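Taking it in order: structure first as C-alpha cells, then the write-up.
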Amino acid sequence: MTAFTVAIDGPAAAGKGTVSKAVAAHFGFAHLDTGLLYRAVGRKVLDGADPLAAAGALVPADLAGGGLRTPEVAQKASEVAADAGVRRALVAFQRGFARRCGGAVLDGRDIGTVICPDAEVKLFVTASPEVRAARRYRELLEGGHAVTPEEVLADQLARDARDRGRADAPLVQAPDAVRIDTSDMSIDAAVARAVAEIASRRGDG
Ligand code: CDP
C-alpha cells in the first residue's frame with residue numbers, strides 16, 4: 001500500500017466535510033478534518049489557554065470531544081488560525097497524516113497550497129455565500145443552537161474575510177486544484193464529481 005493524498009479546501013459550509021467523508025469511505029482512505037485542529041485550539045483559548053501552548057500540546061482526544069461545532073468556537077478558531085506560530089505547530093501532524101499508507105483525505109483551507117502542495121488530487125469545494133449560510137443555519141438549528149439567519153451570515157462573512165485576508169496560509173484556490181461549486185448541486189452529485197476526479201487521477205477503470 002502506498003500513500004495517496006487528496007487535498008480538499010474551501011470556505012465555511014461549502015460541503016467539504018460531507019464530500020471528504022464520502023470519498024474517504026468510497027476509497028477506504030483515512031480522513032482528517034483539519035478545521036477540528038483549529039477549533040480545538042480555539043476551544044482551549046476560550047477556556048483561558050495560551051494559543052501557542054494549546055497548539056503545541058494538542059492530543060487526538062482534544063478533537064473527539066463535543067462542543068467544537070459552536071459558532072463561538074468557529075470564530076475563535078479563525079482568530080487563532082491567523083497566528084503563524086499556531087499554524088506551524090500543526091504542520092507536522094497534518095503532513096504525517098497525509099502520507100500514511102493506504103491513502104488520506106484532508107480537508108481545510110490550506111491543504112493543497114501549504115500543507116500538501118504535492119497532493120495527488122486537489123479539489124476546491126465552494127458555493128455562494130447565501131447558500132453556505134443557509135446550510136450552516138440549518139445545521140446549527142438541528143444541533144440545538146439558538147441562532148438567526150442574519151447572525152450566521154454575518155459570522156460567516158467575518159470568518160471568510162479573516163481566512164482569505166491573513167498573511168500566513170490564506171484561503172485561496174491552488175492553481176492546480178479542480179473547482180467544484182456546490183451551490184446548485186445535490187450532495188450525491190458533488191460526491192460523484194469528486195469520486196470521478198480521484199478515480200481518474202488514480203488511473204482506475
Ligand atoms: O466547518 P467550517 O468550514 O465552518 O470550519 P472548519 O473547517 O471547522 O474551520 C474552522 C476555522 O479553522 C476556519 O474558519 C479557519 O480559520 C481555520 N482553518 C484553517 O485556518 N486552516 C485549515 N486547514 C482548517 C481550518
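Order of appearance sets the numbers: ligands from 1, and atoms from 1 within every ligand. If you read the sequence from its start, that first residue is 1, and numbering goes on from there. From a predicted model like this one, the values you see are computed outputs, not experimental measurements.
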Looking only at heavy atoms, is any part of Ala13 under 4.0 Å from ligand 1, and if so is it the side chain, the backbone, or both, or is it neither? backbone
List the closest protein heavy-atom neighbour of atom 12 (O) of ligand 1: residue, atom name, distance to the nearest 0.1 Å. Tyr38 CB, 3.5 Å
Pairing of Lys21 and Asp33 as salt bridge, 4.0 angstrom limit: no
Is there a donor-acceptor contact under 3.5 Å from the side chain of Ser20 to the main chain of Asp107? no
Report yes if some N/O of Asp110 lies less than 3.5 Å from some N/O of ligand 1; otherwise report no. yes
In a check of side-chain hydrogen bond (donor to acceptor under 3.5 Å, both in side chains) between Arg132 and each of Thr126, Asp160, Thr182, which one passes? Asp160
For atom 21 (N) of ligand 1, the closest protein heavy atom turns out to be Arg87 NH2, 3.0 Å
Counting heavy atoms only, name the option from Lys76, Arg109, Gln75 that's nearest to atom 22 (C) of ligand 1. Arg109
Are Phe4 and Val105 close enough that some pair of their side-chain heavy atoms sits under 4.5 Å apart? no
Any side-chain heavy-atom pair of Glu120 and Arg201 under 4.5 Å: no
Fit a plane to each ring of Phe93 and Phe97, take the angle between them on a 0 to 90° scale, and name the class: parallel (under 30°), tilted (30 to 60°) or perpendicular (over 60°). tilted
Around atom CD1 of Ile187, are there more than 12 heavy atoms from other residues, nucleotides or ligands closer than 6.0 Å? no
Any nitrogen or oxygen of Gln94 lying under 3.5 Å from a nitrogen or oxygen in ligand 1? Just yes or no. no
Minimum-distance protein heavy atom relative to atom 24 (C) of ligand 1: Thr34 OG1, 3.4 Å
Is the shortest side-chain heavy-atom distance between Asp110 and Leu171 below 4.5 Å? no
Report the part of Arg162 in contact with ligand 1, treating N, CA, C, O as backbone and CB onward as side chain, heavy atoms under 4.0 Å; options are side chain, backbone, both, neither. neither
Hey, is Arg159 touching ligand 1 through its side chain, its backbone, both or neither, going by heavy atoms under 4.0 Å? side chain
Close-contact set for ligand 1 against Ala12 heavy atoms, below 4.0 Å: 3 (O), 4 (O)
Decide whether the shortest distance between a heavy atom of Gln156 and an atom of ligand 1 is less than 4.0 Å. no
Is there a polar contact between ligand 1 and Asp107, counting only N or O atoms under 3.5 Å apart? no
Contact atoms of ligand 1, heavy-atom distance to Lys16 under 4.0 Å: 3 (O)
Find out whether Thr5 and Phe29 are in side-chain contact, i.e. whether some heavy atom of one side chain is under 4.5 Å from a heavy atom of the other. no
Taking the non-hydrogen atoms of Glu79, is any one of them nearer than 4.0 angstrom to ligand 1? no
Per atom 25 (C) of ligand 1, closest listed option by heavy atom (Gly35, Gly10, Ala14): Gly35
Ionic contact status for Arg193 with Glu197, cut-off 4.0 Å: yes
Closer than 4.0 angstrom, basic N to acidic O: yes or no for Lys16 and Asp9? no
N/O to N/O below 3.5 Å, does that happen between Asp163 and ligand 1? yes
Out of Arg136, Arg39, Arg135, Arg69, who gets a non-hydrogen atom closest to atom 8 (O) of ligand 1? Arg39
Atoms of ligand 1, numbered as shown, that sit under 4.0 Å from any heavy atom of Ala81: 16 (O), 17 (C), 20 (O)
Look at Arg43 together with Asp47 and state whether they make a salt bridge at an N to O cut-off of under 4.0 Å. yes
Answer side chain, backbone, both or neither: which part of Arg132 comes under 4.0 Å from ligand 1, heavy atoms only. neither
